[in-house]
Amino acid sequence: MNLTFSPEEQAFRAEVRRFLAEALPSDISERVRLGRHLRADDHLRWQNILSEQGWLASNWPKEHGGPGWGPVQRHIFDEECAAAHAPTVVPFGVNMVAPVIMKFGSAEQQQRFLPRILSNQDWWCQGYSEPGAGSDLAGLNTRAVRDGDHYVVNGQKTWTTLGQHANMLFCLVRTDPDAKKQAGISFLLIDMQTPGITVRPIITLDGAHEVNEVFLDNVRVPVENRVGEEGQGWTCAKFLLTHERTGIAGLGHAKQALRHLKSLASRIEHRGKPLLELPSFRHRVVKAELELMALEVTNLRVIAAARDGGVPGAESSLLKVRGSELRQELSELTRRALGPAALPFFPDFLHGESNLDDERAQSAAASAQYFNRRKLSIYGGANEIQKSIVAKTILNM
Ligand SMILES: Cc1cc2nc3c(=O)[nH]c(=O)nc-3n(C[C@H](O)[C@H](O)[C@H](O)COP(=O)(O)OP(=O)(O)OC[C@H]3O[C@@H](n4cnc5c(N)ncnc54)[C@H](O)[C@@H]3O)c2cc1C
């Protein structure tokens, strides 16, 4: 199915494609293609190239140094980046905390933090979840007590993605334990070099070091690093979550995964015939492809509404649920297509310390990605929670 883009949008797509062909370093795109773990330097190198081109902060308005793209251009850009195996831009700075600082931050905070995000000087991570506060985020217990010009912060954050590379943490803290849960929360920007912060790795099922625990022990944070009023952190937190969920459908990645699956299934044989001709397997691939088309149309509908000045609300929950389920199904089908070849686990290869021939590399990627994709239905708010939001807000149940 072909979705219609205007001649300007098609020209923009061609421009992005040209840029990616010239500027994306081949060693980085190869690591992404093979599902190898990216190093901090891979992310930074690519993000510096995007920054020089003026395309790093694809969601920012021109006044803050963004390209001023509309939602359709951003959609095209994301799709082309996924097709070219470009690393996903680390979202915590540009896509998450920056919109919060633009909307709720003081002029001084905007001048201080936004240029540093744009030039990759700061690497941000997200301090929302705690061991007892994930789905029930408002139940968080990390405590900030005012002491003169500072808050003294004590508590523990968890699942902090790429926190091992970060020098800045945006953090939800409880400033008033007596207020109603949501009303006692504030939003702080914390320098990770401050004494009292410890980062400990959590190794995930695929052997990757992607997430961490962050311990805060009497960490002194200047009051000027609070975004918005004291006790208004929940408003910032919710605003940020809609931005987090909107790109989370991962359409470009799903399309890329489908292309890869179809190519594999037309080469791998089952009883003398390509796997793609086996009715039971073909049925699942076709079903996934139809769901992908439906998701793309829904995504463009949401984009069209945003283009006319609307803000994605509960629709972002819908995109998140369907997009994550689809990407999990595609990784499951890829693993099935490879059969026993997808079983071995090659940690040295995934960490980039050894090489494999292309066939074995694809098998290694398939099993690692299958395990890694389990996270998609959990992070950004678990799918069960998103379904409740859709039921309440869209279906009025
Ligand atoms: C890979 C990864 C990266 C992450 N990165 C970050 C990060 O950088 N920063 C950060 O702050 N957080 C991060 N998270 C945390 C993520 O946001 C939480 O894991 C998520 O919100 C779920 O919370 P939880 O893990 O505490 O699960 P719980 O809230 O304990 O939920 C456990 C299960 O119970 C279900 N459940 C809970 N409540 C309900 C309900 N009311 N109705 C129906 N079902 C329910 C959930 O859907 C889930 O299936 C990350 C998580 C993962 C897996």
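Numbering of ligands and ligand atoms starts at 1, following listing order.
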Chemist: Among protein heavy atoms, which lies nearest atom 8 (O) of ligand 1, and at what distance?
Modeler: Thr161 N, 2.9 Å
Chemist: Right, does atom 26 (O) of ligand 1 have protein non-hydrogen atoms nearer than 4.0 Å?
Modeler: yes
Chemist: Starting at CZ of Phe371, measure out to CG of Asp206 and round the result to the nearest 0.5 Å.
Modeler: 9.0 Å
Chemist: Is the terminal nitrogen or CZ of Arg226 (NZ for Lys, CZ for Arg) located under 6.0 angstrom from the six-membered ring centre of Tyr151 and within 45° of that ring's axis?
Modeler: no
Chemist: Out of Tyr379, Phe170, Trp124, Tyr128, whose heavy atom sits nearest atom 51 (C) of ligand 1?
Modeler: Tyr379
Chemist: Would you say atom 16 (C) of ligand 1 makes contact with the protein, given that contact here means a non-hydrogen protein atom less than 4.0 Å away?
Modeler: yes
Chemist: Can Lys157 be said to sit on top of Tyr128's aromatic six-ring, NZ or CZ under 6.0 Å from centre and within 45° of the ring axis?
Modeler: no
Chemist: Under 4.0 Å from atom 32 (C) of ligand 1, is there at least one protein heavy atom?
Modeler: no
Chemist: Does the protein place any heavy atom closer than 4.0 Å to atom 35 (C) of ligand 1?
Modeler: no
Chemist: Quick one: look up the protein heavy atom nearest atom 43 (C) of ligand 1 and list residue, atom name and how far away it is.
Modeler: Glu384 CB, 3.9 Å
Chemist: May I ask you to test the Gln109-Val227 pair for a side-chain heavy-atom distance under 4.5 Å?
Modeler: yes
Chemist: Using a 4.0 Å cutoff against the non-hydrogen atoms of Ile378, which atoms of ligand 1 qualify?
Modeler: 19 (O), 20 (C), 53 (C)
Chemist: Report yes if some N/O of Gln126 lies less than 3.5 Å from some N/O of ligand 1; otherwise report no.
Modeler: yes
Chemist: How many angstroms lie between CE in Met397 and NZ in Lys392, if you round to the nearest 0.5 Å?
Modeler: 11.5 Å
Chemist: Once you round to the nearest 0.5 Å, how far does CD of Glu384 lie from CD1 of Ile389?
Modeler: 12.0 Å
Chemist: Atoms of ligand 1 less than 4.0 Å from Ala382 heavy atoms?
Modeler: 46 (C), 47 (O)
Chemist: In ligand 1, which numbered atoms sit nearer than 4.0 Å to a non-hydrogen atom of Lys375?
Modeler: 1 (C)
Chemist: Is there a polar contact, in the sense of an N or O pair closer than 3.5 Å, between Ser135 and ligand 1?
Modeler: yes
Chemist: Taking 4.0 Å as the limit for heavy-atom contacts, which would you say applies to Thr160 with ligand 1: side chain only, backbone only, both, or neither?
Modeler: backbone
Chemist: Begin with the C-alpha distance, continue with both residues' side-chain angles, and end with the deciding distance and a verdict on salt bridge (charged side-chain N to carboxylate O under 4.0 Å, His left out) for Arg31 and Asp27.
Modeler: CA-CA 6 Å; Arg31 263 198 285 286; Asp27 61 317; 3.5 Å; yes
Chemist: Which residue supplies the protein heavy atom nearest to atom 42 (N) of ligand 1, what is that atom called, and how far is it?
Modeler: Ile385 CD1, 4.0 Å
Chemist: Do Trp60 and Val94 make a side-chain contact, defined as non-hydrogen atoms from C-beta onward lying under 4.5 Å apart?
Modeler: yes
Chemist: Would you say Gln193's side chain and Asn167's backbone share a donor-acceptor pair under 3.5 angstrom?
Modeler: no
Chemist: Could you check which of Cys171, Ala133, Ser129, Gly127 puts a non-hydrogen atom nearest to atom 11 (O) of ligand 1?
Modeler: Ser129
Chemist: Tell me whether the centres of the aromatic rings in Tyr379 and Trp159 are closer together than 6.0 Å.
Modeler: no
Chemist: Looking at non-hydrogen atoms alone, which of Gly163, Ala166, Gly134 comes nearest to atom 21 (O) of ligand 1?
Modeler: Gly134
Chemist: Has ligand 1 got any nitrogen or oxygen that is less than 3.5 angstrom from a nitrogen or oxygen of Trp159?
Modeler: yes
Chemist: Taking the six-membered ring of Phe5 as reference, does the NZ or CZ atom of Arg13 fall below 6.0 Å from its centre and within a 45° cone about the axis?
Modeler: yes
